[in-house]
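For reference, the structure discussed in these notes is given below.
All values below were derived from every heavy atom in this structure, side-chain atoms included, with hydrogens, water molecules and symmetry-related copies excluded.
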Amino acid sequence: VQLQASGGGLVQAGGSLRLSCVASGKIFSLGDMGWFRQAPGQQRELVAWATSGGKTKYADSVKGRFTISRDGAKKTVSLQMNSLKPEDTAVYYCNAEIWPQTSSSSLPSDFWGQGTQVTVSS
């Protein structure tokens with residue numbers, strides 16, 4: 001099982017970017033999915049989260065600017081980022097709770113994508 005993230009890049013303040021992440025491999029079931037970010041010298045923080053039941057949660061700093069969408073059938077999670085600010089600059093990581101086909105546990109395993117750089121210039 002792996003997560004593959006894409007869509008990062010360099011954008012001017014006020015611009016937009018869309019991040020995408022797809023889960024692949026021997027997946028029995030896909031649970032909640034989300035995006036985290038880590039800026040240099042800072043801890044990784046939650047940006048947005050989407051549950052398998054359709055609920056979403058956002059960090060206060062991105063509310064009203066970012067939108068997360070999860071597609072269970074396609075095994076994808078996307079993050080539409082609008083009105084980007086220099087302080088949004090970070091490496092963005094997708095995360096998913098997955099029950100692999102090879103696991104007999106009733107609890108999901110936590111998987112991370114490889115990270116994609118988002119740089120917002122002022």
Side-chain angles (χ1 to χ4, degrees):
V1 176
Q2 64 177 358
L3 298 180
Q4 181 68 42
S6 61
L10 173 64
V11 65
Q12 288 188 334
S16 298
L17 281 174
R18 184 176 180 84
L19 304 182
S20 295
C21 178
V22 58
S24 62
K26 296 183 178 181
I27 297 172
F28 175 75
S29 183
L30 184 64
D32 302 349
M33 304 180 78
W35 290 92
F36 290 73
R37 67 186 180 187
Q38 187 167 20
Q42 298 188 19
Q43 290 187 333
R44 191 172 297 188
E45 64 174 358
L46 174 68
V47 177
W49 192 253
T51 73
S52 57
K55 294 184 178 180
T56 58
K57 179 173 65 177
Y58 296 91
D60 288 343
S61 59
V62 307
K63 283 180 181 177
R65 301 188 297 122
F66 291 11
T67 302
I68 189 170
S69 56
R70 176 189 176 282
D71 187 326
K74 296 181 179 179
K75 298 184 178 63
T76 60
V77 62
S78 299
L79 186 68
Q80 178 65 42
M81 305 185 294
N82 298 328
S83 302
L84 282 161
K85 304 175 180 180
E87 50 263 43
D88 294 319
T89 295
V91 178
Y92 284 68
Y93 299 89
C94 59
N95 176 270
E97 296 176 343
I98 296 174
W99 285 264
Q101 291 181 7
T102 55
S103 174
S104 59
S105 175
S106 62
L107 298 176
S109 298
D110 207 32
F111 288 86
W112 291 91
Q114 82 282 13
T116 184
Q117 177 70 46
V118 171
T119 302
V120 185
S121 62
S122 57

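- The shortest non-hydrogen separation linking G8 to T116 is N-OG1, 3.1 Å.
- Evaluation of the side-chain hydrogen bond (donor to acceptor under 3.5 Å, both in side chains) rule for S103 yields no partner, not counting sequence neighbours.
- Going from atom SG of C21 over to atom CD of Q4 covers 8.0 Å, rounded to the nearest 0.5 Å.
- The distance from the CD atom of Q12 to the OG atom of S122 is 9.5 Å, given to the nearest 0.5 Å.
- For the atom pair OG1 of T119 and CG of L10, the computed distance is 6.0 Å after rounding to the nearest 0.5 Å.
- Applying the side-chain hydrogen bond (donor to acceptor under 3.5 Å, both in side chains) test to T51 and every residue at least two apart in sequence or in another chain returns nothing.
- Taking the side-chain hydrogen bond (donor to acceptor under 3.5 Å, both in side chains) definition, one finds that R65 meets it with D88, sequence neighbours left out.
- Looking only at distances, a side-chain donor or acceptor of Q114 sits under 3.5 Å from a matching main-chain atom of A5.
- From R37, atom CZ reaches atom CD of E87 across 8.5 Å, with rounding to the nearest 0.5 Å.
- Counting only residues at least two apart or in different chains, disulfide (SG to SG under 2.5 Å) contacts with residues 37-88 are absent.
- For F36, the ring-ring contact (aromatic ring centres under 6.0 Å, His included) partners two or more places apart in sequence, or in a different chain, are W112.
- Side-chain atoms of Q2 and S24, non-hydrogen and from C-beta on, do get closer than 4.5 Å to each other.
- Other residues sharing a hydrophobic cluster with L30 under the 4.5 Å side-chain heavy-atom criterion for ILVMFWY residues are V1, L3, V11, L17, L19, I27, M33, W35, V47, Y58, V62, F66, I68, V77, L79, M81, L84, Y92, I98, F111, V118, V120.
- The heavy-atom pair separating D71 from A73 by the smallest distance is OD1-N, 3.0 Å.
- Counting only heavy atoms from C-beta outward, the side chains of Q117 and T89 approach each other to under 4.5 Å.
- Side-chain contact between S78 and R18 is present, with heavy atoms from C-beta onward closer than 4.5 Å.
- Taken from CZ in R70 to CG in D32, the straight-line distance is 7.0 Å, to the nearest 0.5 Å.
- Closest heavy-atom contact between F28 and Q101: N-CG, 3.6 Å.
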